[in-house]
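What follows is a short report on a single structure.
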Amino acid sequence: MERENQIHQSVKGPHIKKGLLIINTGNGKGKTTAALGVLFRAWGRDMKVRMFQFLKHTTAHFGEHRAAKKLGIPIQAMGDGFTWRSKDLATTSALAVQQWENCKAAILSGEDDIIILDEFTYPLHYGWIPVVEVLEVLQQRRPLLHVIITGRYAPQELIDYADLVTEMQVVKHPYRDQGIRAQAGIEF
Ligand code: ATP
Ligand code: MG
């Protein structure tokens with residue numbers, strides 16, 4: 001009964017429209033693909049959607065890039081394929097800073113309905129881009145623009161400002177538990 005009341009209330013509640021800051025973080029799989037799911041759903045509603053990817057190689061041509069090209073959704077990757085084994089962090093961080101400039105321009109242009117900043121938490125976590133600057137830019141965006149940020153180790157200041165935060169948790173992972181490497185269509 002208590003629960004029914006709650007559901008009833010939320011359905012009847014004020015109809016507020018707000019551009020959300022959405023964060024998909026945690027160690028489990030699904031952060032990027034959940035963001036792509038929103039992109040797909042919103043695209044179906046003729047909303048203007050785009051995605052910027054950090055760290056992934058600038059020439060990345062994964063399933064999502066191929067699909068986006070067919071659908072006319074802009075996905076722009078800029079990076080040198082950073083992994084935790086990377087040695088030349090000067091290049092990796094410079095590319096991330098450059099990509100952030102592209103994101104800022106898009107966020108402030110007010111042209112899009114949803115912008116995804118994929119793997120953006122890493123440049124923040126490593127201190128290549130100041131979180132305060134990101135918060136300033138997000139606060140200046142037009143009120144109905146949704147922004148989705150993905151990646152592990154989301155900084156607390158960003159979580160505090162966000163409207164929707166999901167932490168993916170690993171229960172089983174084929175690589176971790178069985179040594180099964182990334183497979184086309186599932187991982188890339
Ligand atoms: P996806 O793009 O499939 O939604 P993700 O964005 O949540 O995954 P990332 O942290 O970006 O995950 O990791 C990218 C790759 O690392 C994916 O191929 C994913 O399967 C793999 N991965 C994610 N979690 C784990 C884990 N716990 N152990 C091993 N590999 C993982
Ligand atoms: Mg990802």
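First listed ligand is number 1; within each ligand, the first listed atom is number 1. Numbers here simply count residues along the sequence, with the first being 1.
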What are the atoms of ligand 1, with element, lying closer than 4.0 Å to any heavy atom of [X]?
X      : value
Val170 : 27 (N)
Asn27  : 24 (N), 25 (C), 27 (N)
Glu119 : 11 (O)
Glu187 : 17 (C), 18 (O), 19 (C), 20 (O)

**Prompt:** Is the centre of the Trp100 ring less than 6.0 Å from the centre of the Phe120 ring?
**Reply:**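 For Trp100 and Phe120, the ring centres are under 6.0 Å apart.
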Right, does [atom] have protein non-hydrogen atoms nearer than 4.0 Å?
atom                    : result
atom 21 (C) of ligand 1 : yes
atom 13 (O) of ligand 1 : no
atom 16 (O) of ligand 1 : no

**Prompt:** Between Arg50 and Gln76, is any pair of side-chain heavy atoms under 4.5 Å apart?
**Reply:**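 They are in side-chain contact.
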**Message:** Which heavy atom of Gly79 sits nearest to which heavy atom of Leu95, and what is that distance?
**Reply:**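 In this case the closest contact between Gly79 and Leu95 is C-CD1, 3.6 Å.
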**Item:** Nearest heavy-atom neighbours spanning Ala106 and Asp112
**Value:**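 For Ala106 and Asp112, the tightest heavy-atom pair comes out as O-OD2, 4.1 Å.
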**Request:** Determine whether any heavy atom of Ala182 lies closer than 4.0 Å to an atom of ligand 1.
**Result:**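 False for this residue.
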**Proximity flag His173 to ligand 1, non-hydrogen atoms under 4.0 Å** =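 Checking ligand 1 against His173, which is what was asked, there is a heavy-atom contact under 4.0 Å.
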**Message:** Let me check your reading of the structure: within less than 2.8 Å of the Mg ion (ligand 2), is there an N/O/S atom from Asp118?
**Reply:**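 No, since none of the N, O or S atoms of Asp118 sits under 2.8 Å from the Mg ion (ligand 2).
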**Request:** Please confirm if an N, O or S atom belonging to Thr33, backbone or side chain, lies less than 2.8 Å from the Mg ion (ligand 2).
**Result:**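 Short answer: no, not a single N, O or S atom is under the cut-off.
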Closest protein heavy atom to [atom], given as residue, atom name and distance to 0.1 Å:
atom                    : answer
atom 3 (O) of ligand 1  : Lys29 NZ, 2.3 Å
atom 10 (O) of ligand 1 : Lys31 NZ, 3.3 Å
atom 8 (O) of ligand 1  : Gly30 N, 3.5 Å

For [X], is the [atom1] atom crowded, meaning more than 12 foreign heavy atoms sit under 6.0 Å from it?
X      : atom1 : result
Ile159 : CD1   : yes
Tyr161 : OH    : yes
Arg176 : CZ    : yes

Listing, residues 59-72 side-chain donor-acceptor contacts under 3.5 Å, not counting sequence neighbours, or none:
residue: Thr59; atom: OG1; partner: His57; partner atom: ND1; Å: 3.0
residue: His65; atom: ND1; partner: Phe62; partner atom: N; Å: 2.9
residue: His65; atom: NE2; partner: Gln53; partner atom: OE1; Å: 2.6
residue: Arg66; atom: NE; partner: His61; partner atom: O; Å: 2.8
residue: Arg66; atom: NH2; partner: His61; partner atom: O; Å: 3.1

**Asked** Looking only at atom types and distance, does a side-chain atom of Arg141 sit under 3.5 Å from a main-chain N or O of Ile107, one as donor and one as acceptor?
**Response**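 No: the side chain of Arg141 does not pair with the backbone of Ile107.
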**Asked** Any donor-acceptor pair under 3.5 Å linking the side chain of Thr25 with the backbone of Glu167?
**Response**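 No: the side chain of Thr25 does not pair with the backbone of Glu167.
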**Asked** For ligand 1, is any non-hydrogen atom under 4.0 Å from Met168's backbone (N, CA, C, O), its side chain (CB onward), both, or neither?
**Response**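 Looking at Met168 and ligand 1, no heavy atom falls under 4.0 Å.
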**Prompt:** What part of Thr33, side chain, backbone, both or neither, has a heavy atom within less than 4.0 angstrom of ligand 1?
**Reply:**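 It is both backbone and side chain that touch ligand 1.
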**Prompt:** Which is closest to atom 2 (O) of ligand 1 in terms of heavy atoms, Thr32, Thr150, Asp118, Leu36?
**Reply:**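 Closest candidate by heavy-atom distance is Thr32.
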**Closest to atom 23 (C) of ligand 1 among Arg152, Arg176, Gln53 (heavy-atom distance)** =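 It is Arg152 whose heavy atom sits nearest to atom 23 (C) of ligand 1.
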**Message:** From the N, O or S atoms in Glu119, identify the one nearest to the Mg ion (ligand 2).
**Reply:**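 Atom name of the closest N, O or S in Glu119: OE2.
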**Message:** Less than 3.5 Å apart, any donor N or O on the side chain of Asp160 or Gln156 sitting next to an acceptor on the other?
**Reply:**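 Side-chain D/A pair, Asp160 to Gln156: present.
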**Request:** For Thr150 and Asp118, test the side chains for any donor-to-acceptor distance below 3.5 angstrom and give the result as yes or no.
**Result:**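 Indeed, the side chains of Thr150 and Asp118 share at least one donor-acceptor pair under 3.5 Å.
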